[in-house]
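I have placed the structure first, in the form of structure tokens, so that the comments after it can refer back to it.
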2 protein chains.
Amino acid sequence: MALGKNYEGQDCSLAKALELIGERWTMLVIRDAMYGVRRYGDFLAHLDIPRAVLSQRLGALVEAGILDKRRYQDHPPREEYVLTDVGRELWPPMQALAHWGERHLSSTGPRRLFFHLTCGTRLDPTAHCPACGTRPPLEDLEVRPGPGLESSRDDAVSVALREPHRMLTPLP
Amino acid sequence: MALGKNYEGQDCSLAKALELIGERWTMLVIRDAMYGVRRYGDFLAHLDIPRAVLSQRLGALVEAGILDKRRYQDHPPREEYVLTDVGRELWPPMQALAHWGERHLSSTGPRRLFFHLTCGTRLDPTAHCPACGTRPPLEDLEVRPGPGLESSRDDAVSVALREPHRMLTPLP
DNA sequence: CTAGCACGGTTCAATCAATGAACTAAAGTG
DNA sequence: CACTTTAGTTCATTGATTGAACCGTGCTAG
């Protein structure tokens with residue numbers, strides 16, 4: 001919980017957003033949640049994040065209303081972390097950042113492609129559907145591996161994402 | 001320079017972007033550069049950032065090709081930091097993040113309003129010009145204080161931004 | 001019944017980064 | 001010559017991150 005103290009003097013929406021989601025690892029946790037990762041152990045294996053940090057980040061995101069922690073079975077009791085509506089609305093900024101990274105920091109072409117499920121069209125780089133002219137919400141999208149993907153990971157999430165997958169539906 | 005080591009396993013454009021601009025303070029430095037802040041001392045006064053951190057961040061951004069460091073006078077020799085084209089293309093993700101922060105973390109209405117200089121129209125929340133139907137580049141925009149602004153800062157940059165100001169033009 | 005395991009954490013020592021204050025250095029000004 | 005402005009660096013302290021080890025609950029196989 002660092003940023004708060006010193007970003008406080010900044011009367012700026014960006015600073016406020018960064019106090020919440022600007023910490024190390026946090027955006028990657030949210031990215032995984034958008035793919036459909038829900039369980040502690042899956043975040044852990046897919047991100048290679050220290051356990052203590054993951055616990056802290058999940059807790060902060062729940063407290064901020066970006067993730068919802070809920071019981072998904074009683075025997076044994078297990079909790080899962082699911083994006084709230086507020087969290088889902090982070091899709092445009094996350095996508096814009098990823099697009100910038102793809103354009104300027106990568107040479108191999110897009111790693112993931114996104115398709116609009118209701119019409120089958122591939123999204124353009126600004127996450128608009130060229131056919132519908134809209135920016136579809138996360139739940140109407142499917143991710144598919146792109147030509148730039150070179151994942152050598154073998155955790156369950158990475159493996160599952162080598163096939164097309166509907167965003168937000170449970171993974172793996 | 002931390003993120004590199006552990007985000008490395010993530011074959012993901014977002015992770016690559018965050019290795020560069022995901023560190024504490026970095027995005028706020030870029031935001032200021034978009035407003036037109038160019039000099040070390042102005043970043044320092046406007047951000048309340050520790051000097052050592054500012055030096056490190058400016059250096060990293062220059063090395064990454066996001067800022068350009070250039071001599072703007074010889075007597076005495078002075079350098080300024082200016083956004084490159086690559087850096088300017090961070091406008092969409094930064095704007096999207098700020099918009100999210102404004103919607104979900106603020107109650108007072110927008111702090112800054114952006115206008116398309118070539119037609120005088122106020123941008124919509126996705127940074128499109130409703131009149132032109134395009135997303136204008138940074139240099140064609142003007143910032144003006146919005147109803148949610150409550151800045152009590154009195155550094156030169158904050159004061160200058162209480163008046164309309166063309167993005168990227170030198171500040172203060 | 002008991003041993004082992006899966007899951008979701010917590011704890012802790014070591015390392016690494018951020019902070020803020022003090023200091024440096026070059027050049028110009030009165 | 002003293003003083004100021006600008007742009008840094010240095011350094012001790014504090015705080016965050018890391019990775020390994022440990023804990024507790026409740027299933028499951030023998």
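Please read these numbers as outputs of a predicted model, since none were measured by experiment. Below, read A as the first sequence line, B as the second, and so on, with proteins coming before strands; counting in each chain starts at 1.
Remark: A/D155 pairs with A/R153, A/S158 by the side-chain hydrogen bond (donor to acceptor under 3.5 Å, both in side chains) rule, at least two apart or across chains. With sequence neighbours excluded, the residues that form a side-chain hydrogen bond (donor to acceptor under 3.5 Å, both in side chains) with A/S55 are A/Y40. For A/R70, the side-chain hydrogen bond (donor to acceptor under 3.5 Å, both in side chains) partners two or more places apart in sequence, or in a different chain, are A/E80. Annotation: side-chain hydrogen bond (donor to acceptor under 3.5 Å, both in side chains) contacts of B/R135 (sequence neighbours excluded): none.
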Polar-atom pairs under 3.5 Å, protein N or O versus N or O of nucleotides 6-8 of chain C: list them with distances, or write none.
from, atom 1, to, atom 2, distance (Å)
C/dC7, O4', A/R78, NH2, 3.3
C/dC7, O3', A/R78, NE, 3.4
C/dG8, OP2, A/G41, N, 3.2
C/dG8, N7, A/R51, NH2, 3.1

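In the hydrophobic clustering, A/F115 connects to A/L113, either directly or through intervening members, whenever side-chain heavy atoms lie under 4.5 Å apart. The hydrophobic cluster containing A/L117, built from Ile/Leu/Val/Met/Phe/Trp/Tyr side-chain heavy atoms closer than 4.5 Å, comprises no other residue.
Contact annotation: B/S55 reaches the phosphate of D/dT9 (side-chain N/O to OP1 or OP2, under 4.0 Å). The shortest distance between the side-chain N/O atoms of A/W25 and the OP1/OP2 oxygens of D/dT18 is below 4.0 Å.
Note on residues 96-115 of chain B: pairs passing salt bridge (charged side-chain N to carboxylate O under 4.0 Å, His left out), not counting sequence neighbours, are A/D11-B/R111, A/E89-B/R103.
Direction of the helix axis in the helix from C/dC1-D/dG30 to C/dG30-D/dC1 shifts by 10° between the two five-pair termini, rounded to 10°.
Of the candidate nucleotides C/dA18, D/dC27, C/dT11, C/dT11 has the atom lying nearest to any side-chain atom of A/A52.
Using a 4.5 Å heavy-atom cutoff, the side chains of A/D42 and A/Y81 are not in contact.
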